[in-house]
Amino acid sequence: MDVNEYLGLFLDESQEHIQSINTQLLKLEQSGGADVVQEIFRSAHTLKGMSSTMGYEHVANLTHEMESALDLVRGGKKESNQLLLDTMFIAMEQMEDMIADIENGGRGANVDVSETVAAFQSFIGGKEVVVTEVKESNTFEVDLYTNSVIDQAKQTGFEAYQITVKLSDAVVLKAARAYMVFDRLQELGEVVRTHPETEEIEQEQFDLSFDVLFLSQETAEVIEHAIAQVSEVERVEVNVFTGASESEPEVAVTAEVVVPEPVVQTAPDQEEKETKDTKEQVAAQAQAKTIRVNLERIDRLMNLFEEFIIDRGRLERLADEVGQPELNETVEKIKRGTNELQSLVLTLRMMPIEQVFNRFPRMVRSVAKEIHKKVQLDISGAETELDRTVIDEIGDPLVHLIRNAIDHGIERPEVRVKAGKPEQGMLALRAYHGGNRVFIEIEDDGAGINVDKVRSKALERGVISDEEATMMSENELAMLIFAPGFSTADVVTDLSGRGVGLDVVKNKIESLGGVVSLETVAGQGTKFQVSLPLTLSIISAMLVQVGEESYAIPLSSILETTLLDEADILTAHRERVFDFRGQLVPLVYLKEMFGIESETKSQFPVVVVRKGNKLVGVVVNELIGQQEIVMKPLGTYLEGIPAISGATILGDGRVALIVDSNDLF
């Protein structure tokens with residue numbers, strides 16, 4: 001088998017199973033439950049089978065030990081404990097590193113898992129809980145736990161089946177075929193037990209047949225049909241499992257198929273046939289609703305569409321110059337069609353922020369345990385969608401803000417109890433849409449930011465003057481923690497106190513076109529809010545003229561435009577300002593900022609841009625109008641130019657620089 005052909009699928013599904021295990025482990029630690037153990041076992045079992053089939057034995061061996069430990073727990077032979085949970089969390093961290101190594105061309109052998117394996121084996125080899133009351137079937141020994149699971153499943157509409165699968169005599173990879181059978185079954189229900197055991201099947205320690213105890217809401221016919229589609233399966237037999245001990249099992253439904261011979265069954269009546277046909281049609285339609293698409297293909301589509309947008313602008317300009325009605329009408333239709341296509345293409349790039357949020361529960365648990373704090377993480381709005389480019393970049397800044405909240409914000413349990421708080425701190429992580437932006441909030445119920453301490457440190461380091469300190473509000477003073485190299489930590493730890501961090505977070509967020517702000521109340525907690533644009537590729541902008549040059553200002557940062565007379569300009573603190581609805585707003589002249597020669601007019605346009613609660617008036621020569629533009633990076637050679645975030649190509653082929661309004665403040 002050429003594993004490279006399936007590598008992409010293996011990596012995608014491995015990440016999904018690892019995330020599922022992490023999520024379920026947190027549930028198991030908090031509330032337990034047999035269904036949670038079963039879900040973890042199923043994901044670990046699938047991950048092991050996939051890894052073994054692909055030849056990644058180091059991954060398969062680790063999941064094998066984890067699965068063996070879980071099998072004892074789900075079978076009621078041993079009880080889960082904190083040591084087992086800690087070992088499983090460590091195993092999943094190592095698993096992520098191994099999968100990352102495989103993605104980079106390795107074999108997953110870059111991690112030493114000997115201690116983790118030894119911990120699992122120690123748990124497996126310990127004293128077992130003896131279960132005495134057992135019911136037997138022809139093939140399976142069903143203990144009290146399993147029998148209880150089956151009974152509960154039947155009460156919710158499931159049926160228990162005993163499935164016998166016989167492989168062809170000419171089969172080459174028995175384990176691979178068995179894995180494909182289990183993969184089909186997991187789409188239809190839950191595998192409870194196998195005979196022989198799963199590890200024996202995966203190591204090909206069976207002849208040509210194996211049995212499965214299976215729970216499903218599907219009919220026996222649907223199940224056998226799904227298994228029969230697997231190549232090199234010779235025969236499938238599906239019986240309703242009754243859990244009888246030694247008597248002959250009462251078989252309510254029997255479906256047998258011999259492959260590749262045609263299936264011969266008793267013809268159902270017309271109503272049953274229509275029901276079966278309807279189910280198959282619904283299943284086929286459900287499978288057709290989604291497909292996996294390589295992200296590189298979507299990026300290529302986006303790049304082609306960006307070029308199309310540039311050409312559309314040029315076509316509009318040419319049509320205006322020609323002035324022919326038929327041409328103008330055609331261009332207008334193209335514009336409407338491309339606007340709809342643009343919305344669709346941007347939607348293809350949108351991804352739920354859930355894939356970023358999913359990494360945080362385990363991280364919060366690990367960090368809180370490391371510094372001996374108790375923290376409960378509450379996540380909401382994980383389904384909120386963002387452009388993939390933003391998704392890829394926002395993870396690290398959020399990690400730092402969350403670690404900061406745990407380390408600096410939430411107090412130790414004994415301190416919280418003295419303050420009249422629950423010893424477990426609360427940390428909320430939210431995401432929601434607001435207009436054409438996404439807001440992410442990180443809020444804790446900790447001690448809040450010590451504003452007096454921040455003021456003292458800022459004065460000591462010369463970040464602000466005494467005059468500025470007296471004029472600043474508490475939240476403005478608190479925002480000084482984002483100043484470069486600023487830290488109020490008294491002790492240097494692995495988490496904080498090294499004088500780096502939040503300034504990098506702020507710069508990263510602003511480089512994404514975002515804004516970070518905070519609110520804090522002493523003794524009650526702190527809330528960080530991150531505001532981000534939905535997409536970074538195609539944006540609406542206001543084109544302006546300064547001398548002979550054109551510039552683009554993103555509409556998302558523009559509050560409004562106005563005309564200003566020279567006589568309206570005032571001076572405050574040696575800065576030029578103007579009265580904007582009762583508020584003095586500073587003026588920034590683009591011609592002075594970029595060194596452009598242009599004539600001075602007595603009346604000129606001003607673009608009022610906003611950053612948080614602050615406003616700035618941008619003085620230009622002329623307003624050209626609103627336009628959809630494609631943002632292009634300047635490249636490494638031109639990186640770091642003040643107040644410029646990128647460039648775009650206009651319809652006449654000229655390049656217009658895009659103004660970074662965050663740098664104007």
Side-chain angles (χ1 to χ4, degrees), residues 293-351 385-390 435-438 512-513 532-558 560-561 590 605 607 609 618 620-635 638 644-661:
V293 179
N294 191 304
L295 287 175
E296 291 182 1
R297 295 184 180 179
I298 295 179
D299 287 342
R300 286 173 57 194
L301 175 63
M302 191 65 181
N303 290 335
L304 288 171
F305 185 73
E306 289 172 355
E307 297 299 326
F308 190 36
I309 290 292
I310 293 171
D311 290 337
R312 184 189 73 177
R314 181 166 176 76
L315 185 61
E316 289 180 49
R317 186 181 180 91
L318 291 173
D320 288 339
E321 292 176 357
V322 172
Q324 188 175 357
E326 292 83 355
L327 179 59
N328 287 332
E329 182 182 350
T330 303
V331 169
E332 187 61 31
K333 286 183 179 179
I334 291 175
K335 186 176 180 180
R336 287 197 299 267
T338 50
N339 284 340
E340 187 174 346
L341 182 59
Q342 175 181 328
S343 176
L344 179 60
V345 172
L346 291 177
T347 302
L348 289 177
R349 290 175 55 92
M350 302 296 278
M351 301 176 71
E385 291 188 331
L386 262 173
D387 187 282
R388 186 182 72 87
T389 308
V390 184
N436 62 344
R437 299 183 75 81
V438 168
L512 296 171
L532 294 163
L534 286 175
T535 180
L536 299 179
S537 299
I538 300 176
I539 63 171
S540 296
M542 173 67 71
L543 293 180
V544 299
Q545 191 83 17
V546 180
E548 299 297 324
E549 302 293 332
S550 296
Y551 293 89
I553 304 176
L555 278 184
S556 58
S557 62
I558 296 177
E560 68 175 71
T561 59
L590 285 189
V607 181
V609 297
V618 182
V620 299
N621 287 18
E622 184 182 347
L623 300 177
I624 300 175
Q626 179 182 338
Q627 186 174 319
E628 298 287 324
I629 64 170
V630 177
M631 290 190 67
K632 297 289 186 181
L634 294 177
L638 296 175
I644 296 297
S645 60
T648 187
I649 302 174
L650 302 178
D652 58 3
R654 292 186 300 132
V655 173
L657 296 177
I658 301 171
V659 177
D660 185 352
S661 57

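Across all their heavy atoms, E385 and V438 have their closest contact at O-CG2, 3.7 Å. In terms of heavy-atom proximity, N328 sits nearest to A319 at OD1-O, 3.2 Å. Of all the heavy atoms in P554 and S557, the pair that sits closest is O-OG, 3.0 Å. Between T338 and F305, the closest heavy-atom pair is O-CZ, 3.5 Å. Scanning all heavy atoms of the two residues, the minimum distance from G547 to N621 falls at N-ND2, 3.3 Å. Counting all heavy atoms, side chain and backbone alike, Y551 lies closest to V659 at CB-CG2, 4.1 Å.
In this structure, E321 places its CD atom where more than 12 heavy-atom neighbours from other residues, nucleotides or ligands lie under 6.0 Å away.
Taking 4.5 Å as the limit, some side-chain heavy atom of I553 sits within range of a side-chain heavy atom of V609. At a threshold of 4.5 Å between non-hydrogen side-chain atoms, the residues S550 and I624 count as touching. Contact check for L555 versus Q626: side-chain heavy atoms found under the 4.5 Å cut-off. Annotation: side chain of V618 is in contact with side chain of L590 (closest heavy-atom distance under 4.5 Å).
For the atom pair CG (D387) and CE (M350), the distance works out to 6.5 Å, reported to the nearest 0.5 Å. Here CZ of R654 is found 11.5 Å from CZ of R314. Values are rounded to the nearest 0.5 Å. For the atom pair Q627 CD and M542 CE, the distance stands at 11.0 Å (nearest 0.5 Å).
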V655 vs T648, side-chain contact (heavy atoms from CB on, under 4.5 Å): CA-CA, chis, key distance, verdict: CA-CA 6 Å; V655 173; T648 187; over 6 Å; no
Pair I644-D660, side-chain contact (heavy atoms from CB on, under 4.5 Å): steps then yes or no: CA-CA 5 Å; I644 296 297; D660 185 352; 6.0 Å; no
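For R336 and E340, the salt-bridge test fails: no basic side-chain N is under 4.0 Å from an acidic carboxylate O.
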